[in-house]
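Presented below is the structure to which this report refers.
Counting starts at 1 for both ligands and their atoms, following the listed order. All values derive from a computational prediction rather than experimental measurement.
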Amino acid sequence: MKRIGMLTSGGDCQALNAAMRGVVKCLSCSGEDVEIYGFLDGYKGLIYGDFRMLTGHDFAGILTKGGTILGSSRTPFKLMREPDENGLDKVEAMKQNYYKLKLDCMVILGGNGTHKTANMLREEGLNVITLPKTIDNDLWGTDMTFGFQSAVNIATDCIDCIHTTASSHARIFIVEVMGHKVGWLTLNAGMAGGADIILIPEIPYDINKVIKAINEREARGSRFTIMAVAEGAISKEDAKLSKKEYKKKMENYPYPSVSYEIADKIRKKSGKDVRVTVPGHTQRGGSPCPYDRVFATRLGAEAGKLILKGEYGFMVGYKNREVVKVSLEEVAGKLKMVSPDATIVKEAKMVGISFGD
Ligand code: F6P
């Protein structure tokens, strides 16, 4: 008999359900007796003992379903060691709930912050297996996270739609893509959607270079320009600021997001007409794409296999086209960013995409 706890933490994404289904199906197909305890709304559920016992039925028909059947929330890692408003020691509470239910292991699905806490629980002596979810694809130790490909599809669809309207007007169109502090989503959706300019946090932009690229397109006879701008895009001047100075600047930031600042600068410097589209959380919504369904199922199955073997303390990731286990210690606290020297960036430049650098 295996008693497994499960939770999904942080921002949701597509294929969380598919991954959990993969774990449970693998365990039940092995013939092993299993009890599944689903903790609700992320680590909160584990802290406050808010759980539901789940059966095979709960995992039926969810392969294609977006969101997470367990609910999710963000419980920042930096607050985990701070008592809650009633003085409760959160880490101790999580351990007590784990021991009370006599769990063999916790299966934790999440991104960066989630992995820091998962690793802390491992250090505290709990058995933990994690699965890498996030549309940002910024998790260290895995070439791919589930949710990413589905979000690329949605952001690309958005750029495609903008393309048809852009061709009717002589305008600059900015599509702002999610991705937190990294540019994987913007880079991939931008290339897939044929964006002319791609701005990502890892390659700070110079607004004059951006305008130059727009002017060069116009000189070649193009009526419009499409820009894929990461929500974390940053100018060369801002990139030079210290953390403190940048935080101060953001306190009095007059724009809803960076794209509006960039649009304003382009308008003021060039007099051109600019429109901004922000697909926002639609990028995390809807059904997982077929790639993510297969990918999440594979990772879930491998997680199930590790549980059956009693191998804990790992994230199930993907490296060089193989599903691999990576120690949580190695994953926790590191970001996987786009290198400005990456071949994909060079290839994008080779086909004329400007990064404004
Ligand atoms: O990490 C996933 C993500 O969608 C990021 O791309 C984005 O910056 C953030 O979450 C948005 O967070 P929230 O859903 O809390 O607004």
Side-chain angles (χ1 to χ4, degrees), residues 7-17 19 41-44 66-68 70-80 108-118 130-142 144-159 174-190 192 198-202 228-234 238 246-247 250 253 255-262 276-289 292 295-296 315 317 331-338:
L7 64 84
T8 53
S9 173
D12 77 337
C13 71
Q14 302 89 341
L16 278 163
N17 290 327
D41 291 343
Y43 285 114
K44 253 194 219 165
T68 157
L70 296 181
S72 192
S73 68
R74 293 189 191 279
T75 317
F77 174 69
K78 59 175 188 232
L79 298 182
M80 281 296 186
I108 298 176
L109 293 81
N112 273 300
T114 303
H115 273 78
K116 286 193 219 164
T117 300
T130 67
L131 288 165
K133 71 88 229 193
T134 166
I135 63 165
D136 303 340
N137 194 29
D138 60 351
L139 206 48
W140 186 265
T142 183
M144 184 70 72
T145 56
F146 54 83
F148 175 67
Q149 293 293 345
S150 302
V152 168
N153 289 1
I154 295 170
T156 303
D157 277 349
C158 177
I159 299 173
I174 296 180
V175 177
E176 183 173 290
V177 181
M178 272 189 172
H180 202 218
K181 290 181 182 155
V182 303
W184 292 110
L185 189 50
T186 309
L187 179 58
N188 282 269
I198 295 178
L199 304 185
I200 59 173
E202 296 89 338
V229 172
E231 62 177 349
I234 187 163
D238 284 354
Y246 186 67
K247 211 172 152 203
M250 296 316 277
Y253 196 61
Y255 305 100
S257 64
V258 287
S259 293
Y260 292 89
E261 178 186 357
I262 293 168
V276 176
T277 301
V278 183
H281 287 78
T282 63
Q283 292 162 97
R284 293 203 326 230
S287 300
C289 67
D292 273 338
F295 184 49
M315 172 184 82
V331 175
K334 288 189 219 137
L335 265 190
K336 182 185 71 196
M337 304 186 83
V338 177

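- Smallest separation of non-hydrogen atoms from Met315 and His115: SD-NE2, 3.5 Å.
- Annotation: atom 7 (C) of ligand 1 to nearest protein heavy atom, Glu231 OE2, 3.2 Å.
- Among protein heavy atoms, atom 16 (O) of ligand 1 sits closest to His281 NE2, 3.2 Å.
- Atoms CG and OG1, on Leu131 and Thr145 in that order, are 11.5 Å from each other to the nearest 0.5 Å.
- Residue contacts with ligand 1, taken as heavy atom pairs separated by less than 4.0 Å, involve Ile135 solely via side-chain atoms from C-beta onward.
- The shell of residues lying under 4.0 angstrom from ligand 1, judged by heavy atoms, includes Arg74.
- The shortest distance between side-chain heavy atoms of Glu176 and Val258 falls below 4.5 Å.
- Between the side chain of Thr186 and the main chain of Ala228, no donor-acceptor pair closer than 3.5 Å is present.
- In this structure, atom 4 (O) of ligand 1 lies nearest to the protein heavy atom Arg284 NH1, 2.9 Å.
- Taking all atoms of both residues into account, the shortest heavy-atom contact from Ala230 to Pro201 is CB-CD, 3.6 Å.
- The single protein non-hydrogen atom nearest to atom 1 (O) of ligand 1 is Asp136 OD2, 2.7 Å, given as residue, atom name and distance.
- Counting atoms of ligand 1 from 1 in the listed order, those under 4.0 Å from a heavy atom of Gly179 are 6 (O).
- Pairing each heavy atom of Gly179 with each of Asp136, the nearest pair is CA-OD1, 3.2 Å.
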